[in-house]
Asker: 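First the structure, then my questions, so here it is.
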Protein chains: 2
Amino acid sequence: MGVTLKQLAASLGLSPTTVSRALNGFPEVSAATRQRGEEAAARANYHPNTRAKSLATGRAQAIAHVIPVSTSHEIVNPVFADFIAGAGETYARQGYEMVLRIVPDDAEAAAYRDLVARGSVDGVIVHGPRTRDRRIALLAELGIPFLVHGRTSDVNQPYSWLDINNQRSFHRATQFLIEFGHTRIALINGMAEMDFATRRRNGYLRALEQAGLTPDPALMRHAEMTEPYGYRAAQELVQLPEPPTAFLASSMIVAYGIRRGLSDMGLKLGRDISVITHDDELSYLPNDGDVPTFTATRSSVREAGRRAAAMLLQLVDAPDSGPLSALMETALVLGASTGPAPR
Amino acid sequence: MGVTLKQLAASLGLSPTTVSRALNGFPEVSAATRQRGEEAAARANYHPNTRAKSLATGRAQAIAHVIPVSTSHEIVNPVFADFIAGAGETYARQGYEMVLRIVPDDAEAAAYRDLVARGSVDGVIVHGPRTRDRRIALLAELGIPFLVHGRTSDVNQPYSWLDINNQRSFHRATQFLIEFGHTRIALINGMAEMDFATRRRNGYLRALEQAGLTPDPALMRHAEMTEPYGYRAAQELVQLPEPPTAFLASSMIVAYGIRRGLSDMGLKLGRDISVITHDDELSYLPNDGDVPTFTATRSSVREAGRRAAAMLLQLVDAPDSGPLSALMETALVLGASTGPAPR
DNA sequence: CGCAATCCCCAAACCGCTTTGGACAATCGC
DNA sequence: GCGATTGTCCAAAGCGGTTTGGGGATTGCG
């Protein structure tokens, strides 16, 4: 256990009040006393007990990240790791703690209520929003500052969020493929109930429509984003009577699967068939270099984590600074996986 | 903010003492009062304030996971996500909170000292141990219960850990390849300073030695486990004058890279060249099915998380239950990526 | 019926910090 | 020179729980 304020004060012949003020930069202590206090604190490796401090101040100095795990799929989305690393940087800088809750989706409401009732955190970040997500209404009702990583579509009340421009990204990517002469473009998307998947599909559909192309339901898939999912999708679609000449993938992992599926069929990316993927810039799946392997809609999810955390902390400091939102644009980076449609 | 104990007690016309006891199962309250208390608590959604409770009891009811991020590489190991999901299950069941710290490796010592001095947690889980890891000595000195996910090699004091049998896994995998006639086997390992990498290499070397084969330094690589790393390693090694006929990969991500590198060279896995990888059973990189794509040394890192958390909690409850350790064996599962050495 | 034991319950102290409301000197203004 | 500021410091009251040390009302027993 560490030194307590009382002990530290006693060792200096001062009252806890004075030492507390000295360390917290209040004006009513003399410069000499302040310095003495600071030196003693450093020497004793004194750090105020978090729980006592936050009990006294009413602020937990902690933010919760609630990560839903679908009870049916049990898949932990790998982008969380990088997002959280980004958020962690911000918290560290501002003296906040990060608490993590992994909750099965049938226990989410209870988890939020519990978190708020216990007062364990000052704010929460909501991960993996669905198209219709009841968590926003719940959190608003509970009256705790929160920020959504992503958005949801059917909520009428305002809320704070940070998202990438999914619709525009996929709209541009689709347009790009169309300009290359592709007319049959497959969309290998995330689970249908996820909000990002909906927006991406909308962007894709709109680009097709604007080009006068009719979308083919057989070319659109929704599922959890695993490597084998991409593999199977590629293999099956390529064997259609009228196969696609290009693929749009919702994540690098899926893109890997697609590439494997295609190359197993003897198709070469960028020549026989084109692939564009969304790239979250996960640190262990880099897609850079002079010519990235994949043409991609790129946006750093780690940077998103940093910014989301900063926004939430501002919200915690000043809840009336109102709903905050940030829409990050993605870059469409050209890689080796796209080319003109073969004829 | 939630209801306080005082308010709840007042609403029942009882003292806080009595209600506290009723809810915590102490014997000195009548059955009727206890029930009244419990019902009222449920109705009011009362949850004791975490900070107040732990201040009073001296227990934080929280565990920290400290995740080192190398300042030079900035890579967040993706296995953390699944490990943490497993640990989270255990914590949820036992009423513990999980706090996460992402720390640059030059700030680790400070992070641990801070954590302990503030008394924010009852125990910590150490991730990513290196071959020589000073953190073990530091934590022992700080006197906080801790458990290492993995092991370290140069520490003489006992400590608690949970690890997979890396050495035996790679020993068996290498043996298996040798029995298939492979004599030139490449090892595409993780970073040299990581303890798991050392152990895997040892297993590999011993198997070679036992078979009377001399290891070739040109066939052994160490680096951060990314996909492009596997890709480059495969491409370069295959072009050696005496190329390997088999690869041992330290993770699925690396194995994906290797496969891509090989198939770009026109080599087919399992026929022209063999690959065995370690498989952590990450949820989004499944390697199962009737015939898994990769022959692999398999062990669920999620299950490891569950068990590690349970062990640490036991250590927290009874610090004298002594250093605990668990060595999980891996399964060598046969997939489609291995076959007899071509001649 | 009287006294002790048993049941239930409560007041108050405490965990380690912050913060309010002074107290006491030294300094200032006139 | 004297009252009013100003500058420093401290005692005490919380924050929301748990826990110690009783205390009053029942019950049990002789």
Side-chain angles (χ1 to χ4, degrees), chain A residues 1-38 40-41 44-62 95 97 114-122, chain B residues 1-38 40-41 44-62 95 97 114-122:
Chain A
M1 209 48 48
V3 202
T4 75
L5 181 63
K6 205 200 290 189
Q7 293 168 354
L8 189 67
S11 83
L12 286 168
L14 289 170
S15 76
T17 309
T18 304
V19 180
S20 167
R21 284 181 163 150
L23 299 177
N24 289 315
F26 281 76
E28 51 271 89
V29 305
S30 71
T33 306
R34 161 160 304 133
Q35 190 176 347
R36 231 157 52 88
E38 284 169 350
N45 190 35
Y46 169 77
H47 291 268
N49 181 295
T50 323
R51 307 187 297 268
K53 178 168 190 163
S54 65
L55 184 57
T57 57
R59 317 194 60 194
Q61 293 286 102
E97 210 72 76
D114 178 276
L115 231 28
V116 172
R118 304 193 115 89
S120 342
V121 295
D122 298 321
Chain B
M1 205 49 49
V3 200
T4 76
L5 181 63
K6 205 200 288 190
Q7 293 167 351
L8 188 67
S11 82
L12 287 168
L14 290 171
S15 77
T17 310
T18 303
V19 180
S20 168
R21 286 179 161 153
L23 299 178
N24 289 314
F26 282 76
E28 52 270 86
V29 306
S30 70
T33 305
R34 161 158 304 130
Q35 187 176 348
R36 226 154 57 88
E38 284 168 349
N45 189 37
Y46 169 77
H47 292 268
N49 180 296
T50 323
R51 307 187 297 268
K53 178 167 192 163
S54 65
L55 184 58
T57 57
R59 319 196 57 195
Q61 294 285 103
E97 210 73 73
D114 179 276
L115 230 28
V116 172
R118 304 193 115 90
S120 344
V121 296
D122 298 321

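Order of the sequence lines sets the chain letters (A, B, ...), proteins ahead of strands, with each chain counted from 1. None of the values given here were measured: they were computed from a predicted structure.
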Asker: Taking CG from A:Leu55 and P from D:dT18, how many angstroms apart are they, rounded to a whole number?
Answerer: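 For the pair A:Leu55 CG and D:dT18 P, the rounded distance is 12 Å.
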Asker: What is the distance, to the nearest angstrom, from the NZ atom on B:Lys6 to the P atom on D:dA13?
Answerer: 14 Å
Asker: Just the rounded figure in Å: distance from P of D:dG16 to CG of B:Leu5.
Answerer: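 Atom-to-atom, B:Leu5 to D:dG16, this comes out as 11 Å.
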Asker: How many Å lie between CZ on B:Arg59 and P on D:dT18, as a whole number?
Answerer: 13 Å
Asker: Rounded at 0.5 Å granularity, tell me how far CG in A:Leu12 sits from OG1 in A:Thr33.
Answerer: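 Atom-to-atom, A:Leu12:CG and A:Thr33:OG1 are 9.5 Å apart.
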Asker: About how many Å separate CG of A:Asp122 and CD of A:Glu97, when rounded to the nearest 0.5 Å?
Answerer: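 With rounding to 0.5 Å, CD (A:Glu97) is 11.5 Å from CG (A:Asp122).
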Asker: Ignoring backbone atoms, test whether A:Ser20 places a side-chain nitrogen or oxygen under 4.0 Å from the OP1 or OP2 oxygen of C:dT18.
Answerer: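 The answer is yes; a side-chain N or O of A:Ser20 sits under 4.0 Å from OP1 or OP2.
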Asker: Contacts to DNA chain D from residues 24-35 of chain B, heavy-atom cutoff under 4.0 Å, which residues?
Answerer: B:Asn24, B:Phe26
Asker: Go through residues 8-15 of chain A and report each residue with a non-hydrogen atom lying under 4.0 Å from DNA chain C, sorted by number.
Answerer: none
Asker: In this structure, which stretches of DNA chain C are paired as stems of three or more consecutive Watson-Crick or G-U pairs, both distances less than 3.5 Å?
Answerer: C:1-30 with D:1-30
Asker: Partners of A:Gln35 by side chain to side chain contact (heavy atoms under 4.5 Å, CB included), sequence neighbours excluded?
Answerer: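 Expected list: A:Glu39.
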Asker: When you check the phosphate oxygens OP1 and OP2 of D:dG17, does a side-chain N or O of B:Tyr46 lie under 4.0 Å from one of them?
Answerer: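 Yes.
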Asker: Under 4.0 Å, counting only non-hydrogen atoms across every strand here, what does A:Thr57 touch: a base, just sugar-phosphate, or nothing?
Answerer: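 Here A:Thr57 touches the backbone only, sparing every base.
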Asker: I need the CG-P distance between A:Asn49 and C:dT18, as an integer number of Å.
Answerer: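 Spelled out: CG on A:Asn49 to P on C:dT18 is 10 Å.
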Asker: Side chain of A:Lys53 only, heavy atoms from C-beta on: which candidate in C:dC10, C:dT18, D:dT18 is closest?
Answerer: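 It is C:dT18.
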Asker: Please give, in whole Å, the distance from C:dC8 P to B:Arg36 CZ?
Answerer: 14 Å
Asker: Grab the two heavy atoms, one from A:Ser20 and one from A:Leu5, that are nearest each other, plus how far apart they are.
Answerer: CB-CD2, 3.9 Å
Asker: Give a yes or no answer on whether the side chain of B:Arg118 reaches the backbone of A:Arg51 with a donor-acceptor pair at less than 3.5 Å.
Answerer: no
Asker: Please pick, from D:dG16, C:dT18, C:dC10, the nucleotide with the shortest atom-to-atom distance to any side-chain atom of B:Thr17.
Answerer: C:dC10
Asker: What does the list of N/O pairs under 3.5 Å between the protein and nucleotides 22-25 of chain D look like, with a distance for each?
Answerer:
none

Asker: Any side-chain to backbone donor/acceptor pair from A:Ser54 onto A:Thr50? Under 3.5 Å, distance only.
Answerer: yes
Asker: B:Arg51 has an atom CZ; how far is it from atom C1' of C:dT18, in whole Å?
Answerer: 13 Å
Asker: Between the protein and nucleotides 23-26 of chain C, are there any N/O to N/O pairs under 3.5 Å, and if so, what are the atom names and distances?
Answerer:
none

